Protein chains: 2
Amino acid sequence: MEKYVTAAGGRQPKVVGARSLVEAAYATIRHDILDGVLPPGLKLRFEMLRERYGVGASTLREALTRLVGDALVTSEEQRGFRVAEISLDDFADLTRTRKLIEVEALRQSILFGDDAWEGDLVGAFHRLSKVEEKLAEGLPELRDEFEERNRDFHFTLIAACPSRWLKHMHGILFQQSERYRRISLAARVEGRDVHAEHKAVIEAALARDVDLACRLEAEHIEKTLELLSRTLVPSS
Amino acid sequence: MEKYVTAAGGRQPKVVGARSLVEAAYATIRHDILDGVLPPGLKLRFEMLRERYGVGASTLREALTRLVGDALVTSEEQRGFRVAEISLDDFADLTRTRKLIEVEALRQSILFGDDAWEGDLVGAFHRLSKVEEKLAEGLPELRDEFEERNRDFHFTLIAACPSRWLKHMHGILFQQSERYRRISLAARVEGRDVHAEHKAVIEAALARDVDLACRLEAEHIEKTLELLSRTLVPSS
DNA sequence: GAGTCAATTATTTTCGAGATTTTTCGTATT
DNA sequence: AATACGAAAAATCTCGAAAATAATTGACTC
């Protein structure tokens with residue numbers, strides 16, 4: 001008789017692919033933070049978390065520790081955990097740093113990418129385009145899927161970069177920027193053709209025009225910050 | 001009656017400044033990995049760890065999860081934890097990535113640093129020089145202190161960089177490189193005047209010669225890789 | 001009223017045992 | 001000999017309760 005529902009063998013694993021409760025809890029809490037369900041600054045009390053996510057204290061603690069590593073959660077010894085704060089300054093800093101890393105990774109990826117990489121890229125772009133169409137038709141329940149495919153596209157762009165460390169750094173920064181991107185979407189920041197931006201980047205990448213692709217990617221990364229800045233501080 | 005010795009209030013806190021057993025265990029295990037006491041690839045079994053570090057499984061699990069965030073430990077679901085592997089290729093990748101980040105951070109730091117920063121820098125350099133002298137006299141028990149002051153010096157160099165994210169990325173990469181640096185020291189890789197390299201960097205930084213300082217720092221970062229490559233692959 | 005201090009309450013931190021999964025090893029079968 | 005199978009052993013993963021710490025309350029003093 002099983003006492004608790006396991007992630008792998010349980011009847012309703014909350015997160016597909018999760019092989020342990022820690023991983024499932026981690027993925028769920030991360031999603032809730034990125035999505036704003038758990039707002040910035042929120043104190044993460046264990047009783048609340050245990051009720052909400054249905055796992056024990058040690059399991060939660062480990063999941064939260066992983067999130068601290070992602071800089072999505074902060075912790076103070078003996079004082080518990082909080083959802084990491086956000087700010088426009090932080091987003092500006094994040095964007096500049098991400099630009100430095102991602103552009104360099106893209107440069108190397110274009111240099112080293114082979115035919116298989118090109119194929120992956122075309123595929124990822126196509127899948128992203130499809131969900132963009134549906135999103136444009138007004139199906140906001142596809143936001144999670146959009147985020148997933150958008151992430152896939154950007155990760156595929158730099159996948160051929162041979163530097164594992166550069167990609168590791170990129171992963172951390174990209175995940176962070178996902179938080180702000182969702183806020184940007186929620187704030188209905190418009191006046192932007194994301195599809196066209198992606199299209200321009202991939203075309204330059206396939207044409208092996210390194211400088212153009214990097215310039216376009218940099219502009220693409222900067223665009224969300226630009227628009228969000230204007231929205232939040234309209235006077236500037 | 002206390003059942004176990006606490007980190008803060010216990011009689012013999014293993015790690016100074018640790019406010020919880022998780023933090024103490026984390027710091028101790030990290031030190032042992034950086035120092036090579038726990039060699040690359042080692043399977044980290046809980047029974048062994050409990051015996052060695054004297055804390056419970058959940059506590060260890062959390063400490064190890066933090067180390068996974070530092071990329072000093074790897075984990076595979078349901079298959080436990082291992083000390084992260086090292087390789088010359090990884091070190092080369094790490095060095096290139098660190099160079100990209102640290103040089104940019106230094107550039108900004110020199111640009112934004114004020115008198116107080118200059119003072120901190122001179123102080124950190126002095127403290128480092130002192131321990132370097134003692135180390136040269138053949139007191140290998142000062143290796144931990146050398147590492148600490150070396151870290152302080154490099155962190156102070158970029159402390160005035162206003163980008164928190166750039167500094168965060170740097171912290172991860174620098175800690176990683178500490179592993180290889182210690183190996184390099186253990187392998188008695190010599191033919192190098194580290195003190196002179198540091199001196200050149202700080203002089204250029206204080207003179208606000210951004211380009212020179214960045215060039216020297218880049219060469220300084222690359223030097224360990226160069227020497228270690230030659231030592232491990234003498235044929236090249 | 002402001003400030004201390006002790007008692008109470010709330011919260012975090014830790015452990016050890018039990019549940020689950022993986023690995024090992026002996027046996028049988030081809 | 002090689003493979004497949006299954007029971008036993010070993011290891012990981014999880015929970016819930018107890019211990020330790022922090023925060024709150026309220027009585028008391030100045």
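Residue numbering restarts at 1 for every chain, and letters A, B, ... go by the order of the sequence lines. Bear in mind the structure is a predicted one, so any value in this text is a computation, not a measurement.
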Interatomic distance, [X] [atom1] vs [N] [atom2] [rounded to whole Å]:
{"X": "A:Leu21", "N": "C:dA19", "atom1": "CG", "atom2": "P", "answer": "15 Å"}
{"X": "A:Arg50", "N": "D:dT14", "atom1": "CZ", "atom2": "C1'", "answer": "12 Å"}
{"X": "A:Glu51", "N": "D:dC15", "atom1": "CD", "atom2": "C1'", "answer": "16 Å"}
{"X": "B:Leu60", "N": "C:dT14", "atom1": "CG", "atom2": "P", "answer": "11 Å"}

Inset, instruction - With sequence neighbours excluded, give me every salt bridge (charged side-chain N to carboxylate O under 4.0 Å, His left out) pair touching residues 114-131 of chain A. - result: A:Glu118-A:Arg208
Legend entry - Criterion side-chain hydrogen bond (donor to acceptor under 3.5 Å, both in side chains) on A:Ser177 and A:Arg98, from CA distance to verdict: CA-CA 9 Å; A:Ser177 68; A:Arg98 188 185 143 202; 3.2 Å; yes
Inset, instruction - Considering only NZ, NE, NH1 and NH2 on the basic side and carboxylate oxygens on the acidic side, decide whether B:Arg143 and B:Glu147 come within less than 4.0 Å. - result: no
Legend entry - Cationic N near anionic O, under 4.0 Å, A:Asp35 to A:Arg30: no
Collect all protein-nucleotide pairs involving nucleotides 9-12 of chain D in which both atoms are nitrogen or oxygen and the distance is under 3.5 Å.
| from | atom 1 | to | atom 2 | distance (Å) |
| --- | --- | --- | --- | --- |
| D:dT12 | OP2 | B:Phe46 | N | 3.3 |

Legend entry - OP1 or OP2 of D:dC15 under 4.0 Å from side-chain N/O of B:Ser58: no
Legend entry - A:Trp165: which of B:Thr97, B:Asp90, B:Asp93 passes side chain to side chain donor-acceptor pair (under 3.5 Å): B:Asp90
Legend entry - Donor-acceptor contact present, side-chain B:Ser75 to main-chain B:Gly80, <3.5 Å: no
